[in-house]
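Read through the structure below, which is laid out as structure tokens, and then see the notes.
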Amino acid sequence: MASSLELQAMRWAIALSAHGLGSTSPNPPVGCVILDAESRPIGEGYHARKGEAHAEGNALLAAGPAAQGGTAVVTLEPCNHVGRAPACRQLLVDAGIARVVIALLDPTSRGEGGVNELRKAGVSVETDVLAEEAMLVLGQWRTALALSRPVLTWVYTELSEGRTGAIKRVPSARELLLTADAVLDADGNLGEATPHSHGTGTILLPPDPFQLERHELLKALHMGGVRHLLLDGGLDLAAPFLADGLVDHVVAYIPDRGPSSPPASPGGELMLPEGFHLTGVNRIPRYVRVSATSRDETRPRTTGSRTRRHA
Ligand SMILES: Nc1nc(O)c(N)c(N[C@@H]2O[C@H](COP(=O)(O)O)[C@@H](O)[C@H]2O)n1
């Protein structure tokens, strides 16, 4: 059973992992905290982008030799393959880590998986620790893998006369762009949500998105490394994706208004689409931001078993 210090470290690792949202795809956003043999935090790290060190490597680097006999607390199972970075389970063994505490198993893990290899090397391993909380950050990556398409978030604001439109002019909406890989607008412009965030050549986007049928477009985006796509525009842009059941989340920015007004959107265009339930309602400068979902991504449905898939 995880100790209270390990649980505290796991929550911190989950928080750290979110620094990778919007830049790690097609890799997962992972966080790691190293505790020394007396359970004191001595190093922390996260995965920033594909081709760079994994969370465990970054945390071990920060911890240095004091990691010997310590514990690695990590949000995703340490990897079991030598890719662009060395296998994390080997890095942990080489650093003399005695115990590894993991939130979620990696459905893309190669071979027998990092957990089995760590156990074979005599390391004590505990899995499924705060798995549901870890899904707050890893959920979109896991869902995109399960669906073989990016998770889709439709974002819109109110333009004049109750019409919906793009959020480009909403300054606080920038935070959403930071967490997505790519953004598509109603004119067919498709680009990295934060330019250059994934590094050169990691995300490949089809040049003429509206030439592709919607499922084909999403398949091409998935193949190109996109795990979270924003649809930034009005109902005209979102309606066909909604009709095909392809929209997973909606974020609406409702401008401040007086306390009594006729319906801003008599046709209901501003209202959330049918079948979406609220996950957040926040007052932000000049807007109320409404978040809703058609699925619950925080439930770790497959932590106990693996479906072999490649990220
Ligand atoms: N445990 C763990 N920590 C990280 O920081 C990670 N990025 C991963 N990712 C796993 O490794 C695969 C990517 O490997 P490369 O970086 O491309 O070599 C990815 O599919 C995950 O399984 N895991």
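In listed order, ligands and their atoms are each counted from 1.
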Worksheet item: What pair of heavy atoms forms the shortest contact from S197 to G22, and how long is it?
Response: OG-O, 3.0 Å
Worksheet item: Taking side chain as C-beta onward, heavy atoms only, is P206 less than 4.5 Å from L212?
Response: yes
Worksheet item: Which atoms of ligand 1 are found less than 4.0 Å from any heavy atom of K50?
Response: 17 (O)
Discussion item. Heavy atom to atom 23 (N) of ligand 1, shortest distance: which of T202, T108, L92, L76 holds it?
Written reply: L76
Discussion item. Using a 4.0 Å cutoff against the non-hydrogen atoms of C79, which atoms of ligand 1 qualify?
Written reply: 1 (N), 11 (O)
Item to complete: Indicate whether any N or O donor in one side chain lies under 3.5 Å from an N or O acceptor in the other, for S25 and D181.
Response: yes
Discussion item. T153 vs H228, test: side chain to side chain donor-acceptor pair (under 3.5 Å). Steps then yes/no.
Written reply: CA-CA 8 Å; T153 301; H228 184 202; 2.8 Å; yes
Item to complete: Report yes or no: does E52 have a heavy atom closer than 4.0 Å to ligand 1?
Response: no
Discussion item. Show me which atoms of ligand 1 lie under 4.0 Å from any heavy atom of H47.
Written reply: 5 (O), 7 (N)
Fill in: Where ligand 1 meets D106 - atom numbers and elements under 4.0 angstrom, heavy-atom basis
10 (C), 21 (C), 22 (O)
Discussion item. Under 4.0 Å, heavy-atom basis, I'd like to know which part of E77 is in contact with ligand 1: side chain, backbone, both or neither.
Written reply: backbone
Practice prompt. Kindly confirm or rule out an N or O of A55 lying under 3.5 angstrom from an N or O of ligand 1.
Written response: yes
Practice prompt. Using the ring pair (Phe, Tyr, Trp, His ring centres under 6.0 Å) rule, collect all pairs that involve residues 101-138, keeping only residues at least two apart or in two chains.
Written response: none
Worksheet item: What are the atoms of ligand 1, with element, lying closer than 4.0 Å to any heavy atom of H81?
Response: 11 (O), 12 (C), 14 (O), 18 (O)
Practice prompt. Decide whether the shortest distance between a heavy atom of S109 and an atom of ligand 1 is less than 4.0 Å.
Written response: no
Item to complete: Compute the shortest N/O to N/O distance between W141 and ligand 1 and return yes if it is under 3.5 Å, no if not.
Response: no
Fill in: Under 3.5 Å donor-acceptor, T164 side chain and L235 backbone
yes
Response to the item:
In N58, N27, T75, the residue satisfying side-chain hydrogen bond (donor to acceptor under 3.5 Å, both in side chains) with H47 is N27
Discussion item. Quick check: closest heavy atoms across T24 and H198, and the distance to 0.1 Å?
Written reply: N-CD2, 4.3 Å
